[in-house]
Amino acid sequence: MLLHPTSPVGWEATALGQPRPMADFLFDTGRVVLALAMRGTLGRHRGLRLVVPHSGSLVPMLVDRAAMFQLGQRLALPPGDPAHTEPAVTGILGDLRWDLSGTPTPTHLDAIVDRVGDDHLVYGSDFCFTPPVAVDLQLGLLDNAWPTRTTRLGLPPWREKTTANAARLLQAPTRCARGTDG
């Protein structure tokens with residue numbers, strides 16, 4: 001499932017004259033992903049194949065802050081509360097897939113790969129929302145930013161890596177026992 005933000009009716013009143021995809025989409029996506037993690041939804045549905053767009057949005061930069069809040073919230077709960085056994089927000093993010101479209105800059109690549117590794121990175125151009133010239137710019141960003149990581153971490157070329165990851169993502173899930181995800 002691809003999670004993707006959109007502009008609601010009346011968005012102009014809150015965008016401060018800026019295009020929503022520039023920042024608001026990143027904030028909206030970050031807020032939703034962190035809420036799904038902190039409320040235990042992602043932990044209860046470990047087999048959910050959720051793809052987070054825009055090079056992880058702001059999630060990789062906010063996850064440590066969210067983890068501090070999660071800890072504080074859990075400390076306020078009674079000892080037997082089920083929230084104590086739910087996965088930590090920092091650990092659950094490794095189950096998600098991360099689409100490198102949008103802003104595949106060295107800053108975003110470093111943050112996402114440092115946080116979750118490279119086994120769940122995929123690339124979808126966001127073509128239906130993004131003009132071809134902007135898709136070409138994204139490809140150029142990846143072509144220029146990825147070799148830095150390749151040299152440092154020994155990663156394969158980004159097209160090879162994201163293609164292999166996408167192939168695994170699109171494989172049919174295995175059948176699981178009733179009541180579990182697959």
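Given the structure is predicted, the values throughout are model-derived calculations rather than measurements.
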Members besides L71 in its Ile/Leu/Val/Met/Phe/Trp/Tyr cluster (side-chain heavy atoms under 4.5 Å):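 The other cluster members (ILVMFWY side chains, heavy atoms under 4.5 Å, direct or chained) are L75.
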Distance in Å, R168 CZ paired with D119 CG, rounded so as to fall on 0.5 Å steps: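 Those atoms lie 5.5 Å apart.
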From CG (L109) to CG (L142), nearest 0.5 Å: 6.0 Å
R159: partners by side chain to side chain donor-acceptor pair (under 3.5 Å), with sequence neighbours left out: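 With neighbours one apart ignored, the set is D143.
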Salt bridge (Lys or Arg N to Asp or Glu O under 4.0 Å): pairs with one or both residues in residues 123-142, sequence neighbours excluded: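 Salt bridge (Lys or Arg N to Asp or Glu O under 4.0 Å) check on residues 123-142 returns no pairs.
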Side-chain ion pair, R49 and D95, N-O less than 4.0 Å: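 The answer is no: the pair does not qualify as a salt bridge.
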Electrostatic pair R31-D24, nearest N-O below 4.0 angstrom: no
Partner of L96 under side chain to side chain contact (heavy atoms under 4.5 Å, CB included), chosen from V59, L42, L48: L42
Parallel, tilted or perpendicular: ring planes of F129 versus H4, cut at 30 and 60 degrees: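 Parallel.
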Which donor-acceptor pairs under 3.5 Å do the side chains of residues 7-18 make with protein atoms, sequence neighbours left out?
residue, atom, partner, partner atom, Å
S7, OG, R20, NE, 3.0
T14, OG1, W11, O, 3.3

Could you go through residues 76-86 and list every donor-acceptor pair under 3.5 Å that involves a side-chain atom there, pairing it with any protein atom two or more places apart or in another chain?
residue, atom, partner, partner atom, Å
D81, OD1, A83, N, 2.8
H84, NE2, P78, O, 3.1
T85, OG1, P82, O, 2.8

L141: side-chain contact (heavy atoms from CB on, under 4.5 Å) partners, not counting sequence neighbours: P104, T105
